[in-house]
Amino acid sequence: MCTLEKRGDLFLLTLTGDDEHRFHPDTIASVLSLLQQAKSQSTKGSVLITTGHGKFFSNGFDLAWAQSAGSGAIERMHQMVKSFKTVIAALLDLPMPTIAALNGHAAASGLMFALSHDYVFMRKDRGVLYMSELDIGLPVPDYFSELVVAKVGSGIARRELLLSGKKLKGEEAVALGIVDSAAHDSAAGVVEETVNLGERLAAKKWNGEVYVSIRKSLYPELCRMLNLTGNNLASHNL
């Protein structure tokens with residue numbers, strides 16, 4: 001389902017297997033547990049890199065699991081939306097730089113998972129960003145919209161993400177300012193690029209609590225929506 005590997009100062013969180021890496025309650029619980037593990041083991045200079053195996057980074061919520069409940073499908077969807085909010089909050093509250101290395105497609109909550117990182121890198125040859133809610137007739141959770149407002153600076157780019165149903169390839173996503181890079185023709189190349197960045201960031205040996213306090217100060221509305229309050233600066237002589 002997912003693994004966490006420590007390589008020196010780098011934590012590598014990997015969505016394993018060759019499926020679509022859809023967020024099922026078990027997947028959400030596993031990712032959250034590994035993020036908490038990384039947080040508890042963090043030191044000055046820690047960095048998190050998240051990637052996946054196969055064609056998909058993540059294709060969003062496990063809609064088939066929700067629909068299998070019949071009349072209980074809406075309740076299951078609400079359950080996933082509510083529990084996934086804790087994953088987004090955990091990433092925003094992680095006391096280290098975070099980098100998403102997209103090995104393939106990132107759709108719906110999978111795209112929100114990617115955007116919750118400080119840096120996002122895509123492949124040049126394959127993989128798209130896609131918010132499918134409009135096409136399949138599902139509303140966008142409020143914290144998804146606030147995350148896009150917080151992380152995507154251009155109104156045009158936000159429109160392309162949420163109001164067009166467009167599948168954005170790497171170079172277009174870079175041009176719109178949604179991702180940082182789409183320079184490689186393989187998942188291995190993207191991971192290598194993010195590891196290089198991670199090592200440069202780790203060499204700074206930044207104080208993680210200071211880092212996370214500055215991150216949260218950049219997105220006050222999103223952090224309020226995620227119930228992330230306080231800037232953790234009380235113990236620092238600034």
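Only heavy atoms go into these numbers, but all of them, side chains included; no hydrogens, no water, no symmetry mates. Everything numeric here is computed off the predicted structure, so don't read it as measured data. Here, residue 1 is the first one in the sequence, and each next residue gets the next number.
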Self-check item: Sub-4.5 Å side-chain heavy-atom contact between L94 and Y211
Solution: no
Quiz item: Is there a side-chain contact between Y119 and L201, using heavy atoms and a 4.5 Å cut-off?
Solution: yes
Practice problem: Indicate yes or no: does R224 engage E146 in a salt bridge with an N to O separation below 4.0 Å. | Solution: no
Quiz item: Which pair of non-hydrogen atoms, one from P139 and one from E133, has the smallest distance, and what is that distance?
Solution: O-CG, 4.0 Å
Quiz prompt | Donor-acceptor contact below 3.5 Å, side chain K85 vs main chain M225 | solution = yes
Quiz item: With side chains defined as the heavy atoms from C-beta onward, is the minimum distance between L228 and L222 less than 4.5 Å?
Solution: no
Quiz prompt | Between F56 and H105, ring centroids under 6.0 Å | solution = yes
Self-check item: Donor on one side chain, acceptor on other, Y130 and D135, under 3.5 Å
Solution: yes
Self-check item: Residues D9 and K205 bridged, charged N to O under 4.0 Å
Solution: yes
Quiz item: Hey, are R123 and D185 close enough for a salt bridge, meaning a charged N less than 4.0 Å from a carboxylate O?
Solution: no
Quiz item: At what distance, to the nearest 0.5 angstrom, does CG of L176 lie from CD of E171?
Solution: 12.0 Å
Quiz prompt | Stepwise side chain to side chain contact (heavy atoms under 4.5 Å, CB included) check, M96 with K39 | solution = CA-CA 8 Å; M96 64 186 77; K39 183 176 183 178; 5.6 Å; no
Quiz prompt | Sidechain-backbone polar pair: S186 side chain, G189 backbone, donor-acceptor under 3.5 Å | solution = yes
Quiz prompt | For the student: nearest non-hydrogen atoms of A38 and L4, plus distance | solution = N-CD2, 4.0 Å
Practice problem: Given side chain to side chain contact (heavy atoms under 4.5 Å, CB included), test V31 with L15 step by step and report yes or no. | Solution: CA-CA 9 Å; V31 170; L15 304 175; 4.2 Å; yes
Quiz item: So, for F57 and A114, which heavy atoms are closest and what is the spacing to 0.1 Å?
Solution: CE2-CB, 3.9 Å
Quiz prompt | Side chains of N196 and E199 in contact at under 4.5 Å (non-hydrogen atoms) | solution = yes
Exercise. Could you check if a side-chain atom of L35 sits within less than 4.5 angstrom of a side-chain atom of L48, using non-hydrogen atoms only?
Key: yes
Quiz item: Taking all non-hydrogen atoms of both residues, which atom of A157 and which atom of V152 are closest, and how far apart?
Solution: CB-CG1, 3.5 Å
Quiz item: Would you call D62 and R76 a salt bridge, using N to O less than 4.0 angstrom?
Solution: no
Quiz item: Would you find a donor on one side and an acceptor on the other, under 3.5 Å apart, between the side chain of T194 and the backbone of I99?
Solution: no
Practice problem: Classify the angle between the aromatic ring planes of F61 and F84 as parallel (below 30°), tilted (30 to 60°) or perpendicular (above 60°). | Solution: perpendicular
Quiz item: What's the shortest heavy-atom distance between L92 and S116, and which atoms?
Solution: CD2-O, 3.8 Å
Exercise. Verify, without hydrogens or angle tests, whether S58 (side chain) and A106 (backbone) share a donor-acceptor contact under 3.5 angstrom.
Key: no
Practice problem: Look at the side chain of S33 and the backbone N and O of A29, then say whether any donor-acceptor pair between them is shorter than 3.5 Å. | Solution: no
Exercise. Find the distance between NZ (K151) and CD1 (I178) and round it off to the nearest 0.5 Å.
Key: 13.0 Å
Quiz prompt | Exceeds 12 heavy-atom contacts within 6.0 angstrom, atom NZ of K6 | solution = yes
Quiz item: Sub-3.5 Å donor-acceptor pair from the side chain of S30 to the main-chain atoms of T27, do we have one?
Solution: no
Quiz item: Is a donor on one side and an acceptor on the other found under 3.5 Å between the side chain of K44 and the backbone of N207?
Solution: no
Quiz item: Which pair of non-hydrogen atoms, one from N103 and one from G54, has the smallest distance, and what is that distance?
Solution: ND2-O, 2.9 Å
Quiz item: Under 3.5 Å, is there a donor-acceptor pair between the side chain of T50 and the main chain of A100?
Solution: no
Quiz item: Do side-chain atoms of R22 reach the backbone of G110 as a donor and acceptor pair under 3.5 angstrom?
Solution: no
Quiz prompt | Side-chain ion pair, E5 and R7, N-O less than 4.0 Å | solution = yes
Practice problem: Would you check if the side chain of S164 reaches a backbone N or O of E160 as a donor-acceptor pair within less than 3.5 Å? | Solution: yes
Quiz item: How are the rings of F113 and H117 set to each other: parallel, tilted or perpendicular (split at 30° and 60°)?
Solution: perpendicular
Exercise. Test D93 against V212 for side chain to side chain contact (heavy atoms under 4.5 Å, CB included), laying out the working first.
Key: CA-CA 6 Å; D93 200 38; V212 73; 4.0 Å; yes
Quiz item: What distance do T14 atom OG1 and M1 atom CE have between them, rounded to the nearest 0.5 Å?
Solution: 14.5 Å
Self-check item: Atom CD1 of I74 with >12 non-hydrogen neighbours under 6.0 angstrom
Solution: no
Practice problem: Go through the steps for E193 and S181 under the test side chain to side chain contact (heavy atoms under 4.5 Å, CB included), then give the verdict. | Solution: CA-CA 9 Å; E193 184 179 14; S181 172; 3.1 Å; yes
Quiz item: Are any non-hydrogen side-chain atoms of V174 and M122 less than 4.5 angstrom apart?
Solution: no
Quiz item: Could K55 and D18 be called an ion pair, given the rule that one side-chain N must be under 4.0 Å from one carboxylate O?
Solution: no
